[in-house]
Amino acid sequence: MSCHKSYITTPIYYVNDVAHIGHAYTTIIADTLARYARLIGEDTFFLTGTDEHGQKIQEAAKKRGKATQAYADEISAKFKTLWDEFDISYDKFIRTTDADHMAGVQKAFSVMYDKGDIYKDAYKGHYCISCETFFPETQLVDGEFCPDCGKSTSIVEEESYFFKLSAYQDKLLDWYKNSPDCILPKSKRNEVIRFVEGGLNDLSITRTSFDWGVKLPKSFNDPKHVMYVWLDALMNYVTALGYGTDEKNMDFWPARVHLIGKDILRFHAIYWPAFLMSLDLPLPKHIGAHGWWTRNGEKMSKSKGNVVNPKEVADAYGLENFRYFMLREVPFGGDGDFSQRALMDRINSDLGNDLGNLLNRLIGMSGKYFEGRVECDLVEKYYKEELDEVQVSLNKLEPMLFELQLHKYLEELWRPLTVANRAIDKYQPWSMIKEGKTDETMALNGLIATILAKVSLMLHAVMPKTTNTIVNALGFDIDPNSFEKIIRNGEKLEPFVTQKREPLFPRIEEQLLVEKKPEKEVKKESKKEEKKEPDNIALIGIDQFFETSLKIGTVVEAQEVKKSKKLLLLQVDIGEEKPRQVVAGIKESYSTEDILNTQVCVVANLKPAKLMGMKSEGMLLAAKDSDGLCLIRPEKPKSVGTPIS
RNA sequence: CGCGGAAUAGAGCAGUUUGGUAGCUCGUCGGGCUCAUAACCCGAAGGUCGUUGGUUCAAAUCCUUCUUCCGCAACCA
């Protein structure tokens, strides 16, 4: 092995989320790699955990009337429990609220600062308080207003520490170019390269607007700052190994692979390596970004009620079957579709027919012809050709795994099963036994057993318990020792005796879970969810409501905005001298014909904003859910300029 | 013209670097077999390789036109 230490990570999951299939997918891929690494005898460290800092958590806890830490404890425990139920073999579950993590982050901050990569800036102007974001002069609307929310930006309001990300642009590009596999799949690497080539801005890495985070080291004597969530979160990958504290496991660094979802690619592929360079730490070998899961071809969303609950699926169909399905079904990096049909097909066809049934055939034949005895001594003598064919497939496997080509890995791993099933047909043991070819028949059973053993060993990382059940029937256990013997050294199986057993993968004839609820129920449910909202939103007085000027307007002109997916450029008459120009993000749901000469509700006293270079002097009221957007219109035509209240 | 990717059998995909008989999995149809979970094995049908033009003895592959889809960026007042 090229590296005898294997460090494998998942992201730390944000505790404001509920665990969904995406979390499960990342974690299962990582678990598979970790299990395989252990099986081949590598010293392995597998990390997962939770990200618990940030304003959102602080607010969420407050709303529920809980202490922030208590709230974080609660949700973090839910993730941990889920992974335990999912048989995830993590070596450490890190929490960003762990004392040694926080100490490590502070240490890193000092190191970066001493290196000159962090500077404090009183950032003159252009900080939007409500968006908590800085904007360069060029992006501001009319030289003052926030391009995001249109509110006035402030000049000296917020001070912040900055990380000199811009200084690492060339070094990052060198890394991408010199390490073709640093970001997988390759298409994502290209994306990152293009982005970095476009120029990097320095990164604001502290906040003063909330305090639920890691404080700066005491030596800075600057207590109002807490570290920004990405610096805090990303550092977990090394603090988990003892960075900045006992350094106990730092010899696992650099990571063999960071597994992530494609949504957080930029943080991992740009910020993280830059931080590491600043800390003079080596860079990870691979960053693997996987795609999304859809449900029956549709995007999953709460309002559609079609979110896949991984626990529910695992309970119904079997955890390891589900693992197999997720890894086999989609090419790494691509989006995958979850449907019970596809899952059932995989279980019945791949697992039941090809694998489980092969074990049954062996049990049947050995039972009928040899009272269950299976011996492998003569396998090579009679079936060399088949053994060689199997070996060709096995030899291809390992590189695929560490290149994250799990679907190809499993596809290739199934070839030996076909070799076995075909051999039975070809040599017809039921005829051989009648002809007195006892040795040949025994050897054929030995061949099947050998193939089952090898496939089980190579499948173990994906289906740990199931494969152990199989090899137990073949008289041994899966461990690094048996792996070494049977896979690496090609040793023969010891003689064993088979026993009848229930099929490993009973056929599934009907969907086990009730599919998507009827439309009406879904709507009810989403209404319920919406009802919850008011509890969380502060009440306002009527005066405050009247601060918003809403008016009826008629769209007198409408045209598409070129190069924009969402924007329409409208002229709306709201009873003033001239129609207002409004840039509305409704192109995906409304064409220019749909909206021309129709009436809409306009927010008339919004500060002007600039969108893709065009001035917008108002906004249209609309309701948006996952199915798209719907304008709010007067039920009957009203004269333009009519106030709404 | 912001950057990039993709379009191949009913479905999902490989093949394109380096032009030379279009392949895999599932599904469908036909046959075989009985050790086995209506499982297994063999065979067949099914594709003008998105569109236009070109280079070439020869194009899914190289160049060109257009169309559609998808990422990223931008943007959602």
Comparing nearest nucleotides in RNA chain B, the 5'-proximal residue of the pair A:Pro506, A:Val582 is A:Pro506
Note: for A:Asp354 and A:Pro429 on RNA chain B, the residue whose nearest nucleotide lies more 5' is A:Pro429
A:Tyr427 atom OH is separated from B:C35 atom C1', nearest whole Å, by 17 Å
Practice item. For A:Tyr369, report the nucleic acid contact type (base, sugar-phosphate, nothing); a contact means any heavy atom under 4.0 Å. Key: sugar-phosphate
Q. Contact class for A:Leu620 (heavy atom, under 4.0 Å): base, sugar-phosphate, or nothing?
A. sugar-phosphate
For [N] and [X] - does any side-chain N or O of the residue sit under 4.0 Å from the phosphate oxygens OP1/OP2?
X	N	value
A:Arg507	B:A39	yes
A:Lys368	B:A36	yes
A:Arg415	B:C24	no
A:Arg422	B:C40	no
A:Asn190	B:G4	no

Worksheet item: When you measure from the side chain of A:Ser366 to the backbone N and O of A:Ile363, does any donor-acceptor pair fall under 3.5 Å?
Response: yes
Ion pair check, A:Glu197 and A:Arg194, cut-off under 4.0 Å: yes
message: A side-chain contact here means heavy atoms from C-beta on lying under 4.5 Å apart; do A:Leu234 and A:His268 qualify?
response: yes
